[in-house]
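Structure first, commentary second.
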Amino acid sequence: MIIQALYERYEYLLQDPASPICEPYFSIAKVSYVLEISADGDLLKVIDLRKRQGKKWVSLSLHVPEQSARQSNFKPYFLCDKVEYLLGYYISEAKLEEANRKFSLSRELHHSILAHCEGEEARAVHSFFDQWNASKVREVRALQQHMSGLDSGMDQVCVFRLEGKQSFIHEHDSVRQGWIASQEQADSDSDMLGQCLVTGHSNVRISRIHDNKIRGVKGAQPSGAAVVSFNKQSFDSYNKEQSYNAPISREVAFGYTTALNDLLASDLNCIRDIGDMTIVFWTTGPEAKAAEQVFREGIIGSNPYEESGLEEFTTTTTIAAMRDVLFHIRRGKPITNISLPPNGVPFHVLGLSPNNARLSIRFHWEGGFGSMLRKLIEHRADLEIVQPEQFLYPSISRILAETTRTGLDGKKSGAGVSPALAGDLFAAVVTGKGYPYSLYVSIMNRIRADLNVSSIRASILKAYLARYARIHQIESVKEVLSVSLNKSTNSSPYRLGRLFAVLERTQLEASGGYNKLNTTIKNRYFSAASATPAAVFPMLLKLSQHHISKADYGQFRDREIQEILGPIEVFPIRLDMNQQGMFMLGYYHQKQDFFSGSTKAEVKVAE
């Protein structure tokens, strides 16, 4: 299913003239230098193609003859390769023998392919390899001004260009056809014929190794990794070795790997900051980019394009709805009365994690974009909570950051975010299932550790409880999961959280302000009060009478305490984890209500 969806995207991109996707037997490479040669094969000059971006030099991306992964240290590429292969370049005498061997392999490859090509470009390269002396490469005048750059980066990639020509030699029609013919001949010699599992076509060449490696997955090998790979005899079935176990045609193998590499290289379709996962997502059709833009905004809370990015598309009902959703998501506003897109628009989400030379499929979701959008809206609604300023919609990575320990300098420290937690949270957002219990427990532990019930932590607690109550249909929990303070609920855990906030404020008012006390009841009793109320609150209520007598607004606080305690007949001996979350939510709501206009008005009346 995953490979089929990626191959369908490849076929869709091939039909788009503006798409950077490559045809079979070609790939994209980062090229740093051009080797300009004469018709006789003499190296005339070396041209630097790189551009300066900030402190880095960025190479130029070009379509070049396919560069499959090197299974060993000695595999040349055609007309686009490192200087070690094309020139026999070496840094020290100790590397001379190795460089000569690489150049010899490259010369053999080019002679075998260019022998069947016509045109002056092919003859020029053929002559270059005939007369080039790799042992004296460091003495070549054309290379002198680039020596420092070549020595510092031996992985610099070069291409050829004929003197007086604008295009590169590998782009010449005769050379391209010669390259394609050589690869087709190699496939016919090495690949067996069979039925492709993806297309269903019979008598097609089956790819033995999917050698177009996947690059760009965070934590994976820089040279690339494989999605489909068999390398042990225990994986063989019916005497079928390697990828013949899962027969996929050469065309499909190239197509799905090319499409996946294109997604991983995209700034729009790839997200890399969710644990150890690299997320790619895609859809097809005229509204694809708009849909992908909205999804990215819903997941990470930011967008690489301008806010007017959707205006370039033809205005349709679906795009207008997505633009409206994107506008609301950016500003954390309620999403109501919006005509959402239908479920018929297909959407795919794929999560990849590194695993040595292979990639692990951590997550895959396929469905309608309308359904996906509803899940994002539901996620945003679950997180919505009152705060001093306008509610800021937290990204998944921002939520995960709250589970890590913060040092005295304010920076995150410790083991970091759990990869399993990151994957489970992302899956919950995309599928609409319950948020991971480990997220809920981690936030509770962080609150107990640093006694900080921040707006984002309170929103996470609310979101977990809201989805838990909705999935398990627990009506008694839903009433305490409001955006702001709910004074009408009779939930004891929620009211006890409110009560603790009032008792804390009473103590602070009695002492003259927040900075007058080194230790408050929050520092000493918050964790115990949220877990074992019966052991703590009688003592706190007794202590509050002393604070009420000293506070300027003591009479008003006393009435608040009475109002909160009204429906509570007895203090619970202990609260379970869900009830402790309601306690903390009530505490947060009550503290935010202290800063609302209604409470300020009540204070004035009391005065």
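FYI, side chains are in, hydrogens and waters are out, and symmetry mates aren't considered; it's all heavy atoms of this structure.
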If you look at every heavy atom in [X] and [Y], which pair is closest and at what distance?
X	Y	value
Ser59	Ser32	OG-OG, 2.9 Å
Trp179	Ser182	O-OG, 2.6 Å
Thr284	Pro346	OG1-CG, 4.3 Å
Ser106	Tyr85	CB-O, 3.3 Å
Gln67	Arg215	O-NH2, 3.8 Å
Arg176	His170	CG-O, 3.3 Å

Got a sec: does the [atom1] of [X] have more than 12 other heavy atoms crowding it under 6.0 Å?
X	atom1	answer
Arg52	CZ	yes
Gln195	CD	yes
Gln144	CD	yes

message: Below 30° counts as parallel, above 60° as perpendicular, anything between as tilted: where do the rings of His111 and His126 land?
response: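 Parallel: the ring planes of His111 and His126 meet at under 30°.
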Plane angle bin for His146 and Tyr33 - parallel if under 30°, tilted between 30 and 60°, otherwise perpendicular: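 It falls in the perpendicular class, over 60°.
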Does this structure show an ion pair linking [X] with [Y], if we count only N-O contacts that are shorter than 4.0 Å?
X	Y	value
Glu66	Arg250	yes
Arg362	Asp276	yes
Glu292	Arg296	no

task: Check the pair Arg138, Asp151 against salt bridge (Lys or Arg N to Asp or Glu O under 4.0 Å), reporting the backbone distance first and the verdict last.
output: CA-CA 10 Å; Arg138 298 191 66 86; Asp151 287 347; 3.1 Å; yes
- prompt: From Ser174 OG over to His116 NE2, what is the distance, rounded to the nearest 0.5 angstrom?
  reply: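 If we round to the nearest 0.5 Å, Ser174:OG and His116:NE2 are 11.5 Å apart.
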- prompt: For Thr278, which residues count as a side-chain hydrogen bond (donor to acceptor under 3.5 Å, both in side chains) partner, sequence neighbours excluded?
  reply: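 Residues passing side-chain hydrogen bond (donor to acceptor under 3.5 Å, both in side chains) with Thr278: none at all.
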- prompt: Which residues pass the side-chain hydrogen bond (donor to acceptor under 3.5 Å, both in side chains) test with Glu366, sequence neighbours left out?
  reply: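 If we apply the side-chain hydrogen bond (donor to acceptor under 3.5 Å, both in side chains) test to Glu366, skipping adjacent residues, there are no hits.
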Quick one, [X] and [Y] - any side-chain contact, counting heavy atoms below 4.5 Å?
X	Y	value
Asp262	Ile28	no
Ser395	Ile299	no
Ile3	Ile248	yes
Leu268	Lys289	yes
Phe281	Leu263	no
Ser135	Asn100	yes
Ser61	Lys30	yes
Cys158	Tyr89	no

- prompt: What residue among Phe347, Phe369, Trp365 forms ring pair (Phe, Tyr, Trp, His ring centres under 6.0 Å) with Phe295?
  reply: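 Answer to the ring pair (Phe, Tyr, Trp, His ring centres under 6.0 Å) test with Phe295 among Phe347, Phe369, Trp365: Phe347.
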task: Might you work through the salt bridge (Lys or Arg N to Asp or Glu O under 4.0 Å) test for Glu84 and Lys75, ending with a clear yes or no?
output: CA-CA 11 Å; Glu84 305 154 81; Lys75 180 181 180 180; over 6 Å; no
message: Looking only at the aromatic ring of each residue, does the gap between the centers of Phe78 and His110 stay below 6.0 angstrom?
response: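 They qualify: ring centres under 6.0 Å apart.
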- request: Report yes if the distance between the aromatic ring centroids of Tyr25 and Phe254 is under 6.0 Å, otherwise no.
  value: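 Between Tyr25 and Phe254, the centre distance exceeds or equals 6.0 Å.
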field: Qualifying residue, where the test is side chain to side chain contact (heavy atoms under 4.5 Å, CB included) with Leu425 and the options are Ile274, Ile399, Val430
entry: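 Only one option passes, and that is Ile399.
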message: The test is side chain to side chain donor-acceptor pair (under 3.5 Å); show your working for Tyr256 and Gln4 and say whether it passes.
response: CA-CA 8 Å; Tyr256 90 82; Gln4 182 178 7; over 6 Å; no
Donor-acceptor pairs under 3.5 Å, side chain of residues 38-49 to any protein atom, not counting sequence neighbours: which ones?
from, atom 1, to, atom 2, distance (Å)
Ser38, OG, Asp40, N, 3.4
Ser38, OG, Asp42, N, 3.1
Asp42, OD1, Gln131, NE2, 2.6
Asp48, OD1, Arg50, N, 3.0
Asp48, OD1, Arg50, NE, 3.1
Asp48, OD2, Arg50, NE, 3.4
Asp48, OD2, Arg50, NH2, 2.9

task: Could you give me the CA-CA distance, side-chain angles and deciding distance for Val349 and Met372, then say whether side-chain contact (heavy atoms from CB on, under 4.5 Å) is met?
output: CA-CA 10 Å; Val349 184; Met372 169 63 68; 3.8 Å; yes
message: Quick one: does any side-chain atom of Tyr10 pair with a main-chain N or O of Ala5 as donor and acceptor, under 3.5 Å?
response: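 No, because the side chain of Tyr10 does not come within donor-acceptor range (under 3.5 Å) of the backbone of Ala5.
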query: Sub-3.5 Å donor-acceptor pair from the side chain of Thr199 to the main-chain atoms of His201, do we have one?
result: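 Here the side-chain-to-backbone pair exists.
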message: My understanding is that only one of Glu120, Glu171, Glu36 makes a salt bridge (Lys or Arg N to Asp or Glu O under 4.0 Å) with Lys165; could you say which?
response: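 It is Glu120, the one option of Glu120, Glu171, Glu36 that forms the salt bridge (Lys or Arg N to Asp or Glu O under 4.0 Å) with Lys165.
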